[in-house]
Every structure is written in structure tokens, then in C-alpha cells.
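Positions are given from 1, in the same order as the sequence printed here. Counting convention: from 1, in listed order, for ligands and their atoms alike.
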Amino acid sequence: MMNKPLKQHLIDPEICIRCYTCEMTCPIEAITHNDDNVVVDPDKCNFCMDCIPVCPTGSIDEWRVVREPYSLDAQFGWVELPEQEDLGADEADTGLEALDEAMAALLAEAHAGAGGKAKAPASAAKATVNLYTLGKPATAKVTGIVPLTKDPGHDVRHIILDFAGQPMPVLEGQSIGIIPPGADAEGKPHLPRLYSVSSPRDGERPNYNNVSLTVKRETGGLCSNYLCDLKVGDEVRVTGPFGATFLMPDDPEARLLMICTGTGSAPMRAFTMRRQRTVGGKSGGMVMFFGARTPDALPYFGPLKKVPEALLEQHLVYSRQGDAKEYVQDRMRAEEERVAELLQDLKTHVYICGLRGMEEGVEKALTNIAESIGQQWTALRDAMRDEGRYHVETY
Ligand SMILES: Cc1cc2nc3c(=O)[nH]c(=O)nc-3n(C[C@H](O)[C@H](O)[C@H](O)COP(=O)(O)OP(=O)(O)OC[C@H]3O[C@@H](n4cnc5c(N)ncnc54)[C@H](O)[C@@H]3O)c2cc1C
């Protein structure tokens, strides 16, 4: 007798950035990983949906109706998700429709924030993902490490990693994983932490096989302290690249509205350098709202001053500068007409990157700005996301 169809929760290995947040969030340890993939155990998952809103990419939000659930071993070996199998007519009379409705409601709730299922820009280059894994990491050599901030309480470093003969085909907007040395209290090797690549695809130095990272030292943080204390010549184990959606359009006419705080500026730097190297000052379509506590805490403050306004319109915003405390959302409101005009242009792509706490304020500002042009932000945002024009990466 054939098994009745059932719904299985899966993770898209092409989109997953291996940040392991879902695994750390799952209250019943139904999510696990091997060297290659993060997967859901069909025998344990109870569809609680706790993992859905914490996923930065939406790769967690995959479901298949199956007669025989895909085993952990099968999922560990995937490089892409299998298509939905055609299960024939009896799929309809198993109560799955009712289950679908219940799940759709849970998912809608989980996606209520600015996150959601991301899509790459239509003109983005195809990203390579998961080339180096936990079991087979790349080894990179530190060829440069410089402080980016003067504020001792906000130590951010620019770190250049050279991969020598190992291919590292990263696109702007992707991240790489860094495996901190050593093991945890149970003797298990530490999990990698993700860092956005802050250099363009042809290298920090053009046509060198190197990438740069923008790393903030976190008090008590394992990997960020390891990275910020590296010296030139040290070797680092690297996984990735990861991320197949938070990418820049290759279309030189695409306009980019970039909203970031702190190290969220890393991908924006990569986008800007890519544009500068490809279309230069002719680009004209990049607008950035960048928030930090003070100029001394703003990574790349000095270099940014040298970027021509024709290439990048900069709104640098400080939340602890004198009496005039200002957050990115305040400046966006102050520049309502400018932002509204961008939102109405079908060539505009929105990128939001930084600490998770920034999302709420930015969402509220975008809601108000959309209202000013008679639009409902959630509808506009979802349409932009479906068209691969709205991208959020917060951590
Ligand atoms: C997609 C993505 C991209 C990212 N890009 C970047 C980037 O470009 N740059 C960047 O800097 N970060 C980035 N991050 C964050 C990064 O991956 C790490 O989470 C961050 O560096 C902290 O890692 P850690 O190992 O230092 O901290 P962990 O050891 O993992 O600790 C986590 C937190 O707990 C706190 N903590 C731990 N132990 C103690 C203690 N004893 N006392 C007090 N506090 C403690 C730390 O302050 C830290 O904030 C990104 C994350 C994601 C998901």
C-alpha cells in the first residue's frame, strides 16, 4: 500500500548562507548540519515555525509534499532542492489543503517583518555558493589589516585575505564563513561566523585573488576578536561563498538605494567599488543612507569622503553627535521626496544591511514615505521583493 502524502519542511541549499541561526533557534533540535548542508529532521520537526523569521535569506521556507520523507542523509548530499514530485490525485483528499492554510497563516506571521523570501535581481550574475565547506575549507593568508574607526569602543577592522591559487569567486553582497580555531566546551569545533565581503568581484586589488572584510570587534565575541587580532601573514580557514540573493544588479542603469549601519556598509562598499570600476562617474544612480554613532565610529569615513558625489550620493547620519541625534530613518524622512522618487522608479533596488535593530525604524520610515505618494509600503515592498529589487540582510 502506498504511503499517504505528507508535508516536509526543507532548506534550500543553494540559498542558505550557513549562518546556523535556524539550528540555534529550533527549540527541539530538529535542525542539524553536516560539512555541507543545514537540514531539517523530518522525524522531529513539529512545524512550530520558530526558525522561519530568524532566517536572513528565506531559504528555510521550503516545503514539499512527499510520500516518503527525504532522509537526513539525502538532504546532506543535496546541492539543490528537488522539484515537487507529481503525486497524482490523492494528494487532494489527505487534509493537506487544511494544513496548507494553517501553515500559510503561520508563515505570514513569521514573515510579517521586513524579511521574507528573497530573490536575486534579474540582471545579477549567477553566484557560486558553498565551494568551501566545514570539512574542506579554503585557507587564506592575511595580507592587510587596518583599523577603520578611531572610536576605541567601536573597533572595526578592514581585513584583506588572499586565496593564492584557490579559486574564490565571490560576488558583491555575498558573505564568507570564518572558522575560529579551537573547540567549544564540549570539544566540538567552533561553527563559522559569516562576514560580508566588502570588496568587488575582481578583488580588493583589481585582478588579485583577494577579498576584504569589515569586522567589528564584539565584546566577548569569539570570532570577531580572533579576526581583529590577526596579523599580516596569519592563515585563516574560510567556508563559502554564501548568499545567492543579496546581490547587485549587473544592469548599469539600475539605481541602488542603500541603507546601512556599522558593518552593514561592507556590501555597500563592494557595490560602490564595482560601479566605480565598471561605469565610474557615469553611474549616477547610487544613494546611501549610512548611520553610525559618530564620525569616529563610521567605518570608511575617510575613504568615503573621496568618493565622488556623482557616483554615490551620501547621507552620513550620526546618533550621538552633539545634541542633534539622528538615525538613518530620520534622514530618510527628511529626504522624503528623494526616497519617494526612487521608490517609484522600477529601476530602483533597495538594500538594507546592518544590525537587526535597524529594520523596524527603517520600515516605519518607508511606510510613511510610501504613504506620501499614496502607496501601501507592505504591498510595494512585497512586489519589489518578488521582482528581486528589495534585499535585507540584518544580523
Ligand atoms: C549574513 C551575515 C553577515 C554578517 N556580516 C558581518 C560583517 O560584515 N561584519 C561583522 O563584523 N559582522 C558580521 N556578521 C556578524 C558575525 O557573523 C558575527 O555574528 C559577529 O562577528 C559576532 O561573532 P563572534 O564570534 O565575535 O561572537 P560570539 O562569540 O558568537 O558571541 C555572540 C555575541 O555574544 C556576545 N558575547 C559572547 N560572549 C560574551 C561574553 N563573555 N561577555 C559578553 N558578551 C559576550 C558577543 O558580544 C557577541 O555579540 C554577519 C552575520 C551574518 C548572519
Side-chain angles (χ1 to χ4, degrees), residues 15-25 33 38 51 53-60 114-115 118 120 127 129-130 145-149 151 153-161 170-185 188-200 204 211-230 236-247 258 260-271 273 290 292 297-300 351-359 391-395:
I15 308 284
C16 171
I17 55 172
R18 279 83 176 164
C19 64
Y20 308 101
T21 312
C22 55
E23 185 173 333
M24 290 182 260
T25 305
H33 70 272
V38 186
C51 56
V54 296
C55 173
T57 62
S59 58
I60 190 87
V129 293
N130 215 19
I145 175 158
V146 286
L148 288 173
T149 48
D151 179 348
H154 199 91
D155 181 7
V156 183
R157 308 255 159 159
H158 183 69
I159 301 172
I160 303 168
L161 299 177
V170 284
L171 291 175
E172 305 80 14
Q174 285 194 290
S175 304
I176 58 172
I178 301 289
I179 309 176
D184 65 15
K188 289 196 217 144
H190 292 298
L191 284 174
R193 275 37 167 199
L194 287 175
Y195 295 90
S196 306
V197 169
S198 53
S199 49
E204 170 71 8
V211 302
S212 69
L213 303 179
T214 310
V215 180
K216 175 173 183 285
R217 189 189 292 278
E218 297 289 346
T219 310
L222 177 77
C223 195
S224 59
N225 281 281
Y226 160 65
L227 284 170
C228 288
D229 291 336
L230 285 169
V236 179
R237 287 180 303 154
V238 177
T239 60
F242 299 117
T245 59
F246 192 103
L247 301 172
M258 304 181 287
C260 60
T261 54
T263 55
S265 55
M268 315 312 186
R269 176 182 187 266
F271 293 167
M273 286 177 78
F290 185 179
L298 188 129
Y300 304 111
Y351 295 87
I352 301 170
C353 191
L355 290 181
R356 189 150 278 176
M358 73 181 285
E359 267 178 63
H391 310 275
V392 180
E393 191 162 272
T394 53
Y395 41 85

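In this structure, atom 43 (C) of ligand 1 has a protein heavy-atom contact shorter than 4.0 Å. Distance check for atom 27 (O) of ligand 1: a protein heavy atom is found below 4.0 Å.
Among protein heavy atoms, atom 11 (O) of ligand 1 sits closest to Lys216 N, 2.9 Å. Closest protein heavy atom to atom 20 (C) of ligand 1: Tyr195 OH, 3.7 Å. For atom 29 (O) of ligand 1, the nearest protein heavy atom (residue, atom name, distance) is Leu222 N, 2.8 Å. Nearest to atom 31 (O) of ligand 1 among the protein's heavy atoms is Gly221 CA, 4.2 Å. Atom 53 (C) of ligand 1 has its closest protein heavy atom at Tyr395 CB, 3.7 Å. Of all protein heavy atoms, the one closest to atom 17 (O) of ligand 1 is Leu194 O, 2.6 Å. Atom 45 (C) of ligand 1 has its closest protein heavy atom at Thr219 O, 3.4 Å. Ranking protein heavy atoms by distance to atom 49 (O) of ligand 1, first place goes to Glu218 OE1, 3.8 Å.
Near Ile17, meaning under 4.0 Å from one of its heavy atoms, ligand 1 places the atoms 1 (C). Distances below 4.0 Å separate heavy atoms of Val215 from the following atoms of ligand 1: 11 (O). Which parts of ligand 1 touch Glu393 is read off a 4.0 Å heavy-atom cut-off, strictly below it: atoms 1 (C). Those atoms of ligand 1 that come under 4.0 Å of a heavy atom in Thr214, given as number and element, are 7 (C), 8 (O), 9 (N), 10 (C), 11 (O).
No side-chain donor-acceptor contact under 3.5 Å links Arg157 to the backbone of Asp155. The main-chain N or O of Val215 is never found under 3.5 Å from a side-chain atom of Arg217 such that the two would form a donor-acceptor pair. At least one donor-acceptor pair under 3.5 Å links the side chain of Ser224 to the backbone N or O of Glu218. Remark: the backbone N or O of Ala183 is paired with a side-chain donor or acceptor of His190 at under 3.5 angstrom. Glu393 places no side-chain N or O within donor-acceptor distance of the main-chain N or O of Cys353, the cut-off being under 3.5 Å. Between the His33 side chain and the Tyr20 main chain, no donor and acceptor come within less than 3.5 Å of each other.
Taking CD1 from Ile352 and OG1 from Thr394, the interatomic distance works out to 8.5 Å, rounded to the nearest 0.5 Å.
Residues satisfying the ring-ring contact (aromatic ring centres under 6.0 Å, His included) criterion with His154, sequence neighbours excluded, are absent altogether. In this view, Phe246 and Tyr351 satisfy the ring-ring contact (aromatic ring centres under 6.0 Å, His included) rule, not counting sequence neighbours.
Close N/O approach between Gly220 and ligand 1 is found [any backbone or side-chain N/O within under 3.5 Å]. Residue contacts with ligand 1: Ser196 is placed with a nitrogen or oxygen under 3.5 Å of a nitrogen or oxygen of the ligand (distance criterion only).
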Worksheet item: Given the rule in the side chain to side chain donor-acceptor pair (under 3.5 Å) test, do Ser198 and Ser212 qualify, once you have shown the distances and angles that lead to the verdict?
Response: CA-CA 5 Å; Ser198 53; Ser212 69; 2.8 Å; yes

